[in-house]
2 protein chains.
Amino acid sequence: MEISALLEQAKNVCQQRGVRFTPVREQVFLLLAKHSNAVGAYDLLSELQTIDPAAKPATIYRALDFLGQQGFVHKIESINAFVMCHHFSDCSHPVQLLICDQCGHVEEIQSQNLDLAIRSMADASGFNISHQIVEAHGKCQRCP
Amino acid sequence: MEISALLEQAKNVCQQRGVRFTPVREQVFLLLAKHSNAVGAYDLLSELQTIDPAAKPATIYRALDFLGQQGFVHKIESINAFVMCHHFSDCSHPVQLLICDQCGHVEEIQSQNLDLAIRSMADASGFNISHQIVEAHGKCQRCP
DNA sequence: GGCAAAAAAGTTTAATCAATGTCTTTTATG
DNA sequence: CATAAAAGACATTGATTAAACTTTTTTGCC
(Lines give C-alpha, C1' and ligand atoms only; values in the text may rest on other atoms or scores of the structure.)
Protein backbone atom coordinates (compact mmCIF):
# COMPACT_ATOMS: atom_id res chain seq x y z
CA MET A 1 0.00 0.00 0.00
CA GLU A 2 1.05 3.53 -0.55
CA ILE A 3 0.09 4.70 2.90
CA SER A 4 2.39 2.37 4.74
CA ALA A 5 5.22 3.37 2.42
CA LEU A 6 4.59 7.02 3.22
CA LEU A 7 4.54 6.18 6.88
CA GLU A 8 7.87 4.39 6.65
CA GLN A 9 9.34 7.31 4.82
CA ALA A 10 8.11 9.72 7.48
CA LYS A 11 9.55 7.56 10.21
CA ASN A 12 12.90 7.49 8.48
CA VAL A 13 12.94 11.23 8.03
CA CYS A 14 12.20 11.74 11.71
CA GLN A 15 14.90 9.32 12.71
CA GLN A 16 17.40 11.17 10.55
CA ARG A 17 16.39 14.51 11.98
CA GLY A 18 16.40 13.28 15.53
CA VAL A 19 12.78 14.25 16.16
CA ARG A 20 10.15 12.04 17.68
CA PHE A 21 7.39 10.45 15.68
CA THR A 22 5.16 9.74 18.66
CA PRO A 23 1.95 7.66 18.65
CA VAL A 24 -0.30 10.73 18.55
CA ARG A 25 1.64 12.17 15.66
CA GLU A 26 1.52 8.87 13.85
CA GLN A 27 -2.22 8.56 14.34
CA VAL A 28 -2.85 12.01 12.96
CA PHE A 29 -0.47 11.32 10.12
CA LEU A 30 -2.41 8.19 9.23
CA LEU A 31 -5.77 9.92 9.46
CA LEU A 32 -4.56 12.57 7.07
CA ALA A 33 -3.04 10.00 4.74
CA LYS A 34 -6.38 8.25 4.46
CA HIS A 35 -8.04 11.37 3.10
CA SER A 36 -7.41 12.23 -0.49
CA ASN A 37 -8.90 15.66 0.11
CA ALA A 38 -8.16 18.37 2.60
CA VAL A 39 -9.51 17.94 6.13
CA GLY A 40 -10.37 20.47 8.80
CA ALA A 41 -8.72 20.29 12.19
CA TYR A 42 -11.98 19.59 13.96
CA ASP A 43 -13.02 16.86 11.52
CA LEU A 44 -9.67 15.30 12.18
CA LEU A 45 -10.27 15.72 15.87
CA SER A 46 -13.53 13.80 15.82
CA GLU A 47 -11.88 11.03 13.85
CA LEU A 48 -9.07 10.92 16.34
CA GLN A 49 -11.58 10.78 19.17
CA THR A 50 -12.92 7.48 17.89
CA ILE A 51 -9.47 6.08 18.71
CA ASP A 52 -8.59 8.29 21.66
CA PRO A 53 -11.74 9.76 23.23
CA ALA A 54 -9.69 12.06 25.43
CA ALA A 55 -8.27 14.01 22.48
CA LYS A 56 -8.78 17.77 22.63
CA PRO A 57 -8.25 20.53 20.07
CA ALA A 58 -4.76 21.12 21.40
CA THR A 59 -3.93 17.49 20.72
CA ILE A 60 -4.68 17.87 17.04
CA TYR A 61 -3.13 21.27 16.66
CA ARG A 62 0.07 20.20 18.32
CA ALA A 63 0.32 17.17 16.07
CA LEU A 64 -0.50 19.23 12.99
CA ASP A 65 2.09 21.75 14.01
CA PHE A 66 4.73 19.09 14.19
CA LEU A 67 3.71 17.45 10.94
CA GLY A 68 3.69 20.83 9.27
CA GLN A 69 7.16 21.67 10.54
CA GLN A 70 8.49 18.42 9.17
CA GLY A 71 6.82 19.18 5.84
CA PHE A 72 4.55 16.14 5.99
CA VAL A 73 1.38 18.17 5.73
CA HIS A 74 0.43 21.54 4.35
CA LYS A 75 -2.10 23.91 5.75
CA ILE A 76 -4.47 25.43 3.24
CA GLU A 77 -4.91 28.95 4.52
CA SER A 78 -7.85 29.87 2.38
CA ILE A 79 -10.07 27.08 3.69
CA ASN A 80 -8.52 26.32 7.08
CA ALA A 81 -7.79 22.75 6.23
CA PHE A 82 -4.86 20.39 5.98
CA VAL A 83 -3.57 18.02 3.31
CA MET A 84 -0.93 15.35 3.30
CA CYS A 85 2.13 16.21 1.26
CA HIS A 86 3.34 13.35 -0.92
CA HIS A 87 6.77 14.76 -1.65
CA PHE A 88 8.21 15.49 1.72
CA SER A 89 11.43 13.68 0.91
CA ASP A 90 12.67 16.65 -1.11
CA CYS A 91 12.67 19.04 1.75
CA SER A 92 11.13 22.50 2.08
CA HIS A 93 9.82 23.00 -1.44
CA PRO A 94 7.49 25.89 -2.18
CA VAL A 95 3.86 24.85 -1.91
CA GLN A 96 1.49 25.54 -4.75
CA LEU A 97 -2.03 24.21 -4.60
CA LEU A 98 -4.96 23.84 -6.96
CA ILE A 99 -8.16 23.53 -4.98
CA CYS A 100 -11.33 22.37 -6.69
CA ASP A 101 -14.27 24.15 -5.11
CA GLN A 102 -16.67 21.57 -6.47
CA CYS A 103 -15.25 18.20 -5.47
CA GLY A 104 -12.78 19.43 -2.87
CA HIS A 105 -9.84 17.77 -4.54
CA VAL A 106 -6.49 19.37 -3.88
CA GLU A 107 -3.59 19.01 -6.25
CA GLU A 108 -0.12 20.05 -5.32
CA ILE A 109 1.96 21.30 -8.18
CA GLN A 110 5.65 22.03 -8.26
CA SER A 111 6.71 24.84 -10.47
CA GLN A 112 10.18 26.20 -10.12
CA ASN A 113 9.18 28.92 -12.57
CA LEU A 114 6.33 30.09 -10.47
CA ASP A 115 8.53 30.15 -7.41
CA LEU A 116 11.14 32.17 -9.28
CA ALA A 117 8.54 34.55 -10.65
CA ILE A 118 7.38 35.33 -7.13
CA ARG A 119 10.88 35.71 -5.82
CA SER A 120 11.91 38.03 -8.60
CA MET A 121 8.83 40.17 -8.01
CA ALA A 122 9.68 40.36 -4.34
CA ASP A 123 13.30 41.19 -5.09
CA ALA A 124 12.17 44.10 -7.19
CA SER A 125 10.57 45.53 -4.04
CA GLY A 126 13.56 44.69 -1.87
CA PHE A 127 11.49 42.09 -0.11
CA ASN A 128 12.99 38.92 1.32
CA ILE A 129 10.63 35.96 1.21
CA SER A 130 10.70 33.39 3.96
CA HIS A 131 7.48 31.62 3.17
CA GLN A 132 4.97 31.80 0.38
CA ILE A 133 1.36 30.82 -0.04
CA VAL A 134 -0.02 30.03 -3.47
CA GLU A 135 -3.54 28.69 -3.60
CA ALA A 136 -5.68 28.69 -6.70
CA HIS A 137 -9.38 27.98 -6.47
CA GLY A 138 -11.51 26.82 -9.34
CA LYS A 139 -12.66 23.69 -11.10
CA CYS A 140 -10.58 20.59 -11.72
CA GLN A 141 -10.58 18.62 -14.96
CA ARG A 142 -12.83 15.88 -13.59
CA CYS A 143 -15.65 18.24 -12.60
CA PRO A 144 -18.29 19.33 -15.12
CA MET B 1 -5.48 64.08 1.37
CA GLU B 2 -5.26 60.73 -0.25
CA ILE B 3 -7.99 59.18 1.85
CA SER B 4 -10.73 61.51 0.74
CA ALA B 5 -9.70 60.97 -2.86
CA LEU B 6 -10.00 57.23 -2.38
CA LEU B 7 -13.37 57.72 -0.77
CA GLU B 8 -14.59 59.78 -3.69
CA GLN B 9 -13.37 57.17 -6.09
CA ALA B 10 -15.17 54.43 -4.18
CA LYS B 11 -18.35 56.44 -4.16
CA ASN B 12 -18.13 56.95 -7.89
CA VAL B 13 -17.54 53.28 -8.54
CA CYS B 14 -20.57 52.37 -6.46
CA GLN B 15 -22.69 54.93 -8.26
CA GLN B 16 -21.64 53.50 -11.61
CA ARG B 17 -22.34 49.95 -10.52
CA GLY B 18 -25.66 50.85 -8.99
CA VAL B 19 -24.74 49.52 -5.54
CA ARG B 20 -25.16 51.37 -2.30
CA PHE B 21 -22.32 52.87 -0.36
CA THR B 22 -24.17 53.12 2.91
CA PRO B 23 -22.95 54.88 6.07
CA VAL B 24 -21.80 51.67 7.75
CA ARG B 25 -19.87 50.68 4.66
CA GLU B 26 -18.35 54.12 4.44
CA GLN B 27 -17.28 54.07 8.07
CA VAL B 28 -15.60 50.71 7.70
CA PHE B 29 -14.00 51.86 4.48
CA LEU B 30 -12.58 54.91 6.25
CA LEU B 31 -11.32 52.90 9.19
CA LEU B 32 -9.49 50.59 6.82
CA ALA B 33 -8.13 53.49 4.81
CA LYS B 34 -6.61 54.99 7.94
CA HIS B 35 -4.52 51.90 8.53
CA SER B 36 -1.46 51.44 6.38
CA ASN B 37 -1.21 47.88 7.62
CA ALA B 38 -3.62 45.00 7.65
CA VAL B 39 -6.30 44.97 10.34
CA GLY B 40 -8.22 42.13 11.91
CA ALA B 41 -11.99 42.11 11.84
CA TYR B 42 -12.23 42.42 15.59
CA ASP B 43 -9.78 45.30 15.80
CA LEU B 44 -11.88 46.98 13.21
CA LEU B 45 -14.97 46.16 15.21
CA SER B 46 -13.69 47.80 18.36
CA GLU B 47 -12.74 50.88 16.37
CA LEU B 48 -16.16 50.95 14.84
CA GLN B 49 -17.72 50.63 18.26
CA THR B 50 -16.20 53.94 19.33
CA ILE B 51 -18.43 55.52 16.68
CA ASP B 52 -21.33 53.11 16.81
CA PRO B 53 -21.41 51.24 20.14
CA ALA B 54 -24.14 48.92 18.89
CA ALA B 55 -21.91 47.39 16.22
CA LYS B 56 -21.60 43.61 16.36
CA PRO B 57 -19.39 41.12 14.50
CA ALA B 58 -22.01 40.73 11.80
CA THR B 59 -21.92 44.46 11.18
CA ILE B 60 -18.24 44.36 10.33
CA TYR B 61 -18.37 41.15 8.37
CA ARG B 62 -21.22 42.31 6.23
CA ALA B 63 -19.46 45.56 5.47
CA LEU B 64 -16.20 43.75 4.74
CA ASP B 65 -18.07 41.38 2.50
CA PHE B 66 -19.44 44.20 0.47
CA LEU B 67 -16.13 46.06 0.30
CA GLY B 68 -14.43 42.85 -0.74
CA GLN B 69 -16.96 42.18 -3.48
CA GLN B 70 -16.41 45.64 -4.87
CA GLY B 71 -12.66 45.06 -4.76
CA PHE B 72 -12.03 47.89 -2.29
CA VAL B 73 -10.39 45.64 0.27
CA HIS B 74 -8.55 42.36 0.19
CA LYS B 75 -8.64 39.67 2.77
CA ILE B 76 -5.28 38.22 3.74
CA GLU B 77 -6.04 34.57 4.24
CA SER B 78 -2.82 33.65 5.97
CA ILE B 79 -3.28 36.12 8.82
CA ASN B 80 -7.05 36.64 8.88
CA ALA B 81 -6.80 40.33 8.27
CA PHE B 82 -7.94 42.92 5.77
CA VAL B 83 -6.19 45.63 3.78
CA MET B 84 -7.41 48.50 1.70
CA CYS B 85 -6.74 48.09 -2.00
CA HIS B 86 -5.43 51.24 -3.65
CA HIS B 87 -6.08 50.21 -7.21
CA PHE B 88 -9.69 49.28 -7.27
CA SER B 89 -10.38 51.39 -10.31
CA ASP B 90 -8.90 48.73 -12.60
CA CYS B 91 -11.35 46.08 -11.73
CA SER B 92 -10.82 42.50 -10.58
CA HIS B 93 -7.05 42.22 -10.86
CA PRO B 94 -5.26 39.25 -9.35
CA VAL B 95 -4.07 39.98 -5.84
CA GLN B 96 -0.48 39.43 -4.91
CA LEU B 97 0.74 40.46 -1.50
CA LEU B 98 4.07 40.85 0.24
CA ILE B 99 3.58 40.72 3.98
CA CYS B 100 6.37 41.82 6.30
CA ASP B 101 6.26 39.64 9.41
CA GLN B 102 8.32 42.16 11.33
CA CYS B 103 6.59 45.51 10.83
CA GLY B 104 3.31 44.18 9.49
CA HIS B 105 3.48 46.25 6.35
CA VAL B 106 1.61 44.84 3.37
CA GLU B 107 2.54 45.67 -0.16
CA GLU B 108 0.34 44.81 -3.06
CA ILE B 109 2.16 44.03 -6.25
CA GLN B 110 0.76 43.61 -9.72
CA SER B 111 2.51 41.13 -11.89
CA GLN B 112 0.85 40.00 -15.05
CA ASN B 113 3.69 37.48 -15.45
CA LEU B 114 3.03 35.89 -12.14
CA ASP B 115 -0.66 35.66 -12.90
CA LEU B 116 0.10 34.05 -16.24
CA ALA B 117 2.60 31.66 -14.71
CA ILE B 118 -0.05 30.41 -12.31
CA ARG B 119 -2.66 30.14 -15.02
CA SER B 120 -0.40 28.22 -17.34
CA MET B 121 0.50 25.82 -14.54
CA ALA B 122 -3.16 25.28 -13.86
CA ASP B 123 -3.92 24.80 -17.55
CA ALA B 124 -1.31 22.08 -17.66
CA SER B 125 -3.40 20.19 -15.12
CA GLY B 126 -6.66 20.96 -16.85
CA PHE B 127 -7.62 23.19 -13.98
CA ASN B 128 -9.78 26.25 -14.41
CA ILE B 129 -8.91 29.05 -11.98
CA SER B 130 -11.63 31.28 -10.65
CA HIS B 131 -9.72 32.92 -7.85
CA GLN B 132 -6.13 32.88 -6.72
CA ILE B 133 -4.33 33.63 -3.51
CA VAL B 134 -0.70 34.71 -3.53
CA GLU B 135 0.77 35.80 -0.23
CA ALA B 136 4.47 35.98 0.46
CA HIS B 137 5.74 36.37 3.99
CA GLY B 138 9.15 37.69 4.88
CA LYS B 139 11.00 40.90 5.58
CA CYS B 140 10.49 44.18 3.79
CA GLN B 141 13.30 46.48 2.70
CA ARG B 142 12.81 48.86 5.62
CA CYS B 143 13.24 46.22 8.31
CA PRO B 144 16.69 45.22 9.58
C1' DG C 1 -46.61 63.68 -5.45
C1' DG C 2 -48.03 59.85 -2.30
C1' DC C 3 -48.18 55.13 -1.25
C1' DA C 4 -48.03 50.01 -1.30
C1' DA C 5 -45.12 46.13 -2.44
C1' DA C 6 -40.69 44.35 -3.07
C1' DA C 7 -35.87 44.41 -2.40
C1' DA C 8 -31.88 45.50 0.13
C1' DA C 9 -29.53 46.49 4.24
C1' DG C 10 -29.05 46.32 9.03
C1' DT C 11 -29.84 44.42 13.95
C1' DT C 12 -29.87 40.92 17.38
C1' DT C 13 -28.84 36.81 19.30
C1' DA C 14 -26.80 32.76 19.14
C1' DA C 15 -24.18 29.08 17.47
C1' DT C 16 -20.34 27.13 15.27
C1' DC C 17 -15.72 26.69 13.76
C1' DA C 18 -10.70 27.68 14.57
C1' DA C 19 -6.78 28.30 17.42
C1' DT C 20 -4.03 29.25 21.57
C1' DG C 21 -2.56 29.65 26.67
C1' DT C 22 -1.39 27.75 30.91
C1' DC C 23 -0.44 24.51 34.07
C1' DT C 24 0.23 19.67 35.34
C1' DT C 25 1.64 15.07 34.35
C1' DT C 26 3.95 11.76 31.68
C1' DT C 27 7.62 9.88 28.95
C1' DA C 28 12.02 9.47 26.57
C1' DT C 29 16.92 10.03 26.77
C1' DG C 30 21.41 11.18 28.16
C1' DC D 1 17.98 10.11 38.09
C1' DA D 2 17.73 14.77 36.07
C1' DT D 3 16.17 17.15 32.31
C1' DA D 4 13.71 18.35 28.36
C1' DA D 5 10.24 17.34 25.21
C1' DA D 6 5.65 15.86 24.65
C1' DA D 7 0.97 15.02 26.00
C1' DG D 8 -3.16 15.88 28.97
C1' DA D 9 -6.59 18.78 31.03
C1' DC D 10 -9.13 22.83 31.13
C1' DA D 11 -10.27 27.09 29.76
C1' DT D 12 -10.51 30.96 26.89
C1' DT D 13 -10.05 33.81 22.94
C1' DG D 14 -10.70 34.75 18.19
C1' DA D 15 -13.04 34.29 13.71
C1' DT D 16 -17.06 33.55 11.15
C1' DT D 17 -21.69 32.36 9.94
C1' DA D 18 -26.80 31.42 10.70
C1' DA D 19 -31.39 32.50 11.42
C1' DA D 20 -35.07 35.38 12.45
C1' DC D 21 -36.66 39.80 12.52
C1' DT D 22 -36.83 45.08 11.76
C1' DT D 23 -35.78 49.09 9.25
C1' DT D 24 -34.77 51.53 5.25
C1' DT D 25 -34.71 52.30 0.39
C1' DT D 26 -36.37 51.73 -4.18
C1' DT D 27 -39.72 51.59 -7.59
C1' DG D 28 -43.85 51.10 -10.13
C1' DC D 29 -48.50 52.61 -9.98
C1' DC D 30 -52.66 55.41 -8.75
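Only this structure's heavy atoms are used, side chains among them; waters, hydrogens and symmetry mates stay out. Proteins come first, then strands; the chains are lettered A, B, ... in the order of their sequence lines, and each starts at number 1.
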(request) Can you tell me the distance, in whole Å, between the CD atom of E26(A) and the P atom of dA28(C)? (result) 14 Å

(request) In sequence, state the C-alpha distance, the side-chain angles, and the governing distance for H137(B) and S78(B), and then conclude on side-chain hydrogen bond (donor to acceptor under 3.5 Å, both in side chains). (result) CA-CA 9 Å; H137(B) 285 260; S78(B) 55; 2.8 Å; yes

Every protein N/O within reach of nucleotides 11-20 of chain C N/O, cut-off under 3.5 Å:
| residue | atom | partner | partner atom | Å |
| --- | --- | --- | --- | --- |
| dT12(C) | OP2 | K56(B) | NZ | 3.4 |
| dA18(C) | N7 | Y42(A) | OH | 3.2 |
| dA19(C) | OP1 | K75(A) | NZ | 2.5 |
| dA19(C) | OP2 | Y61(A) | OH | 2.6 |
| dA19(C) | O5' | Y61(A) | OH | 3.4 |
| dA19(C) | N7 | Y42(A) | OH | 2.8 |
| dA19(C) | N6 | Y42(A) | OH | 3.4 |

(request) Mind calculating the distance between CD (Q15(B)) and P (dT26(D)) to the nearest angstrom? (result) 11 Å

(message) Between P on dA6(C) and CZ on R20(B), what's the gap in Å once rounded to a whole number?
(response) 18 Å

(message) Whole angstroms only, please: what is the CD1-P distance between I60(A) and dG8(D)?
(response) 11 Å

(message) Any side-chain to backbone donor/acceptor pair from R25(A) onto R20(A)? Under 3.5 Å, distance only.
(response) yes

(request) Would you mind reading off the distance between R17(A) atom CZ and dA5(D) atom C1', rounded to a whole angstrom? (result) 18 Å

(message) In this structure, how many angstroms lie between the P atom of dA7(D) and the CG atom of L48(A), rounded?
(response) 11 Å

(request) Grab the CD-P distance between Q69(B) and dA8(C) for me, whole Å please. (result) 12 Å

(message) With salt bridge (charged side-chain N to carboxylate O under 4.0 Å, His left out) as the criterion, how do D123(A) and R119(A) come out once you've worked through the C-alpha distance, each side chain's angles and the decisive distance to 0.1 Å?
(response) CA-CA 6 Å; D123(A) 277 350; R119(A) 288 186 184 284; over 6 Å; no

(request) Evaluate side-chain hydrogen bond (donor to acceptor under 3.5 Å, both in side chains) for N128(A) paired with Q141(B), printing each intermediate quantity in order. (result) CA-CA 8 Å; N128(A) 198 301; Q141(B) 80 274 39; over 6 Å; no

(message) What is the separation between atom CG on L45(A) and atom P on dG8(D), rounded to the nearest whole Å?
(response) 12 Å

(request) Given side-chain hydrogen bond (donor to acceptor under 3.5 Å, both in side chains), test E47(B) with H35(B) step by step and report yes or no. (result) CA-CA 11 Å; E47(B) 290 178 22; H35(B) 288 270; 2.9 Å; yes

(request) State yes or no: are the ring centers of H93(A) and H74(A) separated by less than 6.0 Å? (result) yes

